[in-house]
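Structure, as structure tokens:
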2 protein chains.
Amino acid sequence: MPANFPEMSATAEVEAYNHVQRALRLGRYKPGDRLIPEEIAAEIGMSRMPVREAFRRLASDGLVVLRPNRGCVVAGLTVDELFEIFEIRSVLEGLAVRLAMPRIDEEEFEELDRLLERMERAGQSGGGDWVVRHQEFHGRICALSQRPKLIHQISALHVVIEPYMRIWFDDCNKPLSAREEHAAVIAALRSGDAHHAEQVMQEHVLGTAPLLAEFVSPSR
Amino acid sequence: MPANFPEMSATAEVEAYNHVQRALRLGRYKPGDRLIPEEIAAEIGMSRMPVREAFRRLASDGLVVLRPNRGCVVAGLTVDELFEIFEIRSVLEGLAVRLAMPRIDEEEFEELDRLLERMERAGQSGGGDWVVRHQEFHGRICALSQRPKLIHQISALHVVIEPYMRIWFDDCNKPLSAREEHAAVIAALRSGDAHHAEQVMQEHVLGTAPLLAEFVSPSR
DNA sequence: AAAAGTATTTTTGTATCCACGTATCATCAA
DNA sequence: TTGATGATACGTGGATACAAAAATACTTTT
């Protein structure tokens, strides 16, 4: 008999949550689309109850909107909301960098360089997933902060903006300044000045918003 | 026939969510307590299903922990987690103050003074709810930032720490430096220096954590 | 043909039901 | 006495059933 992996047999609710979240991140559903529990339940072979429960969490994450008696629709971000999320990310990720600073050793710097390199490669050969690589870089720094709740909040925001990042990358197809700015973050971390590194990260995050917004609501 | 107020007849899930959240904020349930859907459902006259759904959102808020096949228990914060939340609050509320600055007029300053006064009165005559007044002060400044998502995140954190704030206030019974620090925040806002005001708020929030922690895990 | 009303279908919200997992506690062996 | 074993009660996860609300299609009327 094969070994029993308890994480394999997650509850149906978890399965439904992951399934829908993944589809939303990949942009398979578009803002305004109506999600019908029955359909999704059928897709993954369960009843609609666990799907309904998953919807509650997705709504709490801000990924969908639930209105009484009229179901679940995919949430869309206005340009203002997009800016707001980047504003929040800027201070949270700034904090993460500040906290990460004293925990970074030379080995870790090499890992960050590697991640930077991987992102660049993914950006050039459109095949690799640039958006995921980009997130991995940010995620690695957050992880270094050693703050579970902070990490969780930041990654929740990354999920919300992921579909927009994908549209952005698909359209403009060049990570533009991302490589330089990430390199600047690493440099700031190497400098040992925590306050400065926080500042650089804040500016990197905030600086991305207007570029991204241009693709969400073109030429305003 | 009376007018129909649609917000009065919310769904059962909303009712369950509010009911349990309120109980948690007031400290009626203690960390580690097991919440049995059947019991709660009976209390407010509904079946288990809406309660189960409410649990998902409460778990997403970090108020309870849901583990497969072993139900719902009230989440407790370790001292580390408490500090982490105050760290996050410090940058979020710092951001809120920075954004609020350009939107405050003289009338608003008077309102803040009034809220400060009300908090002080509630602190002296133990009757009024000091914790709520304290939150109202912070909430007002957040509201001035005009950032719905920021406001939402901050208030979610306030809910999580509310039970600990209550224990703190009940035990030490003096808001201590709160009045002075809030006054300092107002003063910083009046100064017109956004960066300085952000700094003052960050320090106020961070400074509260160690005092509070002392009551959560006494004399460590 | 447009508007209004009505019937029909779909979907949501909630309750109930059942199978399985977990905890509790008594029993028994060492 | 202690530790394993098994029976029992309880709770959880999920499916199904049913009522109420919305959305949709279909008349009817003008």
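Heavy-atom basis, side chains included; hydrogens, waters and symmetry copies ignored. Reminder, nothing fancy here: chain letters follow the sequence lines and each chain counts from 1.
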Using whole Å, report how far CZ of Arg34(A) lies from P of dA23(D). 7 Å

Shortest non-hydrogen contact from Arg98(B) to Pro102(B)? O-CD, 3.6 Å

Residues in salt bridge (Lys or Arg N to Asp or Glu O under 4.0 Å) contact with Arg114(B), at least two apart in sequence or another chain: Glu111(B)

Among Leu58(A), Val64(A), Val73(A), the one residue meeting side chain to side chain contact (heavy atoms under 4.5 Å, CB included) with Leu35(A): Val64(A)

If each end axis of the helix from dA1(C)-dT30(D) to dA30(C)-dT1(D) is fitted on five C1' pair positions, the angle between them, to 10 degrees, is 0°

For Phe137(B) and His182(B), take the angle between the two ring planes, folded into 0 to 90°, and tell me which bin it lands in: parallel under 30, tilted 30 to 60, perpendicular over 60. parallel

Inter-residue atom distance Tyr17(B).OH - Arg56(B).CZ, 0.5 Å rounding: 15.0 Å

To the nearest Å, give me how far apart CD1 (Ile36(B)) and C1' (dA23(C)) are. 12 Å

Using atom names, set out every protein N or O paired with an N or O of nucleotides 13-15 of chain D below 3.5 Å, distance rounded to 0.1 Å.
unit_1  : atom_1 : unit_2   : atom_2 : d
dG13(D) : OP1    : Asn69(B) : N      : 3.4
dG13(D) : OP2    : Arg52(B) : NH1    : 3.1
dG13(D) : N7     : Arg48(B) : NH2    : 3.1
dG13(D) : O6     : Arg48(B) : NH1    : 3.4
dG13(D) : O6     : Arg48(B) : NH2    : 3.4
dG14(D) : OP1    : Ala12(A) : N      : 2.3
dA15(D) : OP1    : Ser47(A) : N      : 3.4
dA15(D) : OP2    : Ser47(A) : N      : 2.8
dA15(D) : OP2    : Ser47(A) : OG     : 2.6

According to salt bridge (Lys or Arg N to Asp or Glu O under 4.0 Å), who are the partners of Glu87(A), at least two apart in sequence or on a separate chain? Arg147(B)

What pairs with His158(A) under ring pair (Phe, Tyr, Trp, His ring centres under 6.0 Å), at least two apart in sequence or on another chain? His138(A)

What residues, two or more places apart in sequence or in another chain, satisfy side chain to side chain donor-acceptor pair (under 3.5 Å) together with Arg166(B)? Asp129(B), Glu162(B)

